[in-house]
Chemist: 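Just dropping this structure here.
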Amino acid sequence: MSFSLASTLPAWQALQNHYENVGKHLVLRDLFDKDSSRFNKLSHTFNGLKEEDGPIFFDFSKNLITEETVKLLVQLAKEANVEGLRDSLFNGDHINFTEGRAVYHPALRNLSDKPMKVNGEDVMPGVRSVLKHMKEFSDAIRSGTWKGYTGKPIKSIVNIGIGGSDLGPVMVTEALKPYGKQDMELHFVSNIDGTHLAEALNKCDPETTLFLIASKTFTTAETCTNAQSAKDWFLSQAKDPAHVAKHFAALSTNEKEVTAFGIDSANMFEFSDWVGGRYSVWSAIGLSVALYIGFENFEAFLGGAHAMDNYFRSTPLEENIPALAALISIWYSDFFGAQTHLVAPYDQYMHRFPAYLQQLSMESNGKAITRSGDMVNYTTGKILWGEPGTNSQHSFFQLVHQGTKLIPADFLIPIESHNPIDNNKHHRMLFSNFAAQTEALMLGKTPAEVKAEGAADEIVPHKTFVGNRPSNSIIAKKITPASLGALISFYEWVTFTEGAVWNINSFDQFGVELGKKLAKNVLSQLDAEGKVNDHDASTNGLINLFKTGF
Ligand SMILES: O=P(O)(O)OC[C@H]1O[C@H](O)[C@H](O)[C@@H](O)[C@@H]1O
């Protein structure tokens, strides 16, 4: 069935009725009381990983859903042709139609020997050859056989990139720190704020530093400027431009600009335009990851994502974990009116995971025009946010528990800690908080319970928790390269499914362009003499204030 607005689909209408008649009246406490098999029915296990990495368990039972809700949501996905778009994606079709490109990042982690074609051509030989280059290079750097211009091995890696050329490498190297090379110093410079580069360079020695200039387009203003300043810093000591070859590598799709910058094409790690920036950690953009955790671990990371890809591709929607997570999220966004989605990893190493997911989800689905060119009349891209537990409990969880907003949440934890200190006491405490939070959100606390604790009458409402607040619990066996790969891939497919149902193009990002263009204009005005007067009064005032100072 072809459609433009998802809200015109019969299943959408049915869900609307279901929300009015059933959904908004659901009480989680009662649902569990009434059905002793609810937990079993609404939880799923992802078994696609090796024994040391998996499984990953997903509990959806603490959601404001019934089996009927799930049925209707799956029907919505079917009517929206999620499966068709999924097949087109894996077929290499140009489903990013606004940019005329395929969406083919699964090819980067296709560790099977199966071909994957774009425009009739198998992309796998190219993918494998870049992986081989990454292996040789990372082995040489890690073993110390690669020497800097004065013959010393490399000690510090500085990745210069922004957006997808930064968030993935930062998040993954942090999350997989236990697998990292202990004596390798990693720095990530993304912000054009000179402080970011200055602080990294303060800790580096030009003789032992390798710069990775990570930019899909190699035209991003922040990255090009930071890269140029890094090169100036390097040459102020190394003097001879020939030494650049030992200290600079480029991760990009744009060979012309890379060569113009002065990086040897032998030190260029390529990928293709069918890899979106926010899906690029699997590509050459992941070189800092491979350098830090070693190529074998990087391959295991790809393997975990590949396993989730295979699962998503072949599992019926009724059982399909990423598809179900997406549909439940749509249920809250579009029928309950939830505006945000919280992700709370109970794993300190995963502290950048929510930030990574912000780009994945919000840059993908922050769109209001359907694939047919109409303005949607429903909510799309949720505001994704989060911080690790237990820290988040001591700051914003107050609002999640007792505020006025419905905040669906993902709670994530591994069973096994990398640091089981004090006889695993810390991890047991971490887990107890993980479990207690979702329980508290769901159960709340009735006025009678508060009263029974001896609270004064006028205080009772303040200490009452309405409860009935939904959450997903995701339990990994351990955060390993493979399980992290699978988790990221899970969220990619959640994002994909949401975008497919909303019928928007999740793969372009025109929304970031306007500000970039205007900034260029302002910059040229900052460099020119005199006051500006061709903007609105506020913008004129701010620019002139910067020019003249206080
Ligand atoms: O990798 P680059 O071409 O430098 O792009 C870096 C980032 O900048 C852009 O503004 C896009 O919004 C992001 O999707 C992209 O990841």
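Each residue takes its place number in the sequence, starting with 1. Because the structure is a prediction, the values reported are computed rather than measured. Remember, it's 1-based here, ligands and their atoms both numbered in the order they're listed.
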Chemist: Test the R86-F496 pair against the cation-pi criterion, namely NZ or CZ under 6.0 angstrom from the six-membered ring centroid and within 45° of the ring axis.
Modeler: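 Judged by the rule, R86 and F496 form no cation-pi pair.
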Chemist: Run the ring pair (Phe, Tyr, Trp, His ring centres under 6.0 Å) test against Y491 and tell me which residues pass, sequence neighbours left out.
Modeler: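 For Y491, the residues satisfying ring pair (Phe, Tyr, Trp, His ring centres under 6.0 Å) (neighbours in sequence not counted) are F353.
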Chemist: Heavy-atom count around R142 CZ within 6.0 Å, excluding the residue itself: above 12?
Modeler: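 Count over threshold, so yes.
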Chemist: I'd like the residue list for ligand 1, meaning every protein residue with a non-hydrogen atom under 4.0 Å from the ligand.
Modeler: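 Residue list for ligand 1: I162, G163, G164, S165, S215, K216, T217, T220, G277, Q359, E363, Q509, V512, K516.
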Chemist: How about F269 and F137: are their ring centres within less than 6.0 Å of each other?
Modeler: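 Yes; F137 has its ring centre under 6.0 Å from that of F269.
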Chemist: Using every non-hydrogen atom in the two residues, find where V82 and A500 come nearest and quote the distance to one decimal.
Modeler: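 The answer is CG2-CB, 3.9 Å.
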Chemist: Where is the tightest heavy-atom contact between S165 and S215, given as atom of each residue plus distance?
Modeler: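 Smallest heavy-atom distance, with atoms named: OG-CA, 3.8 Å.
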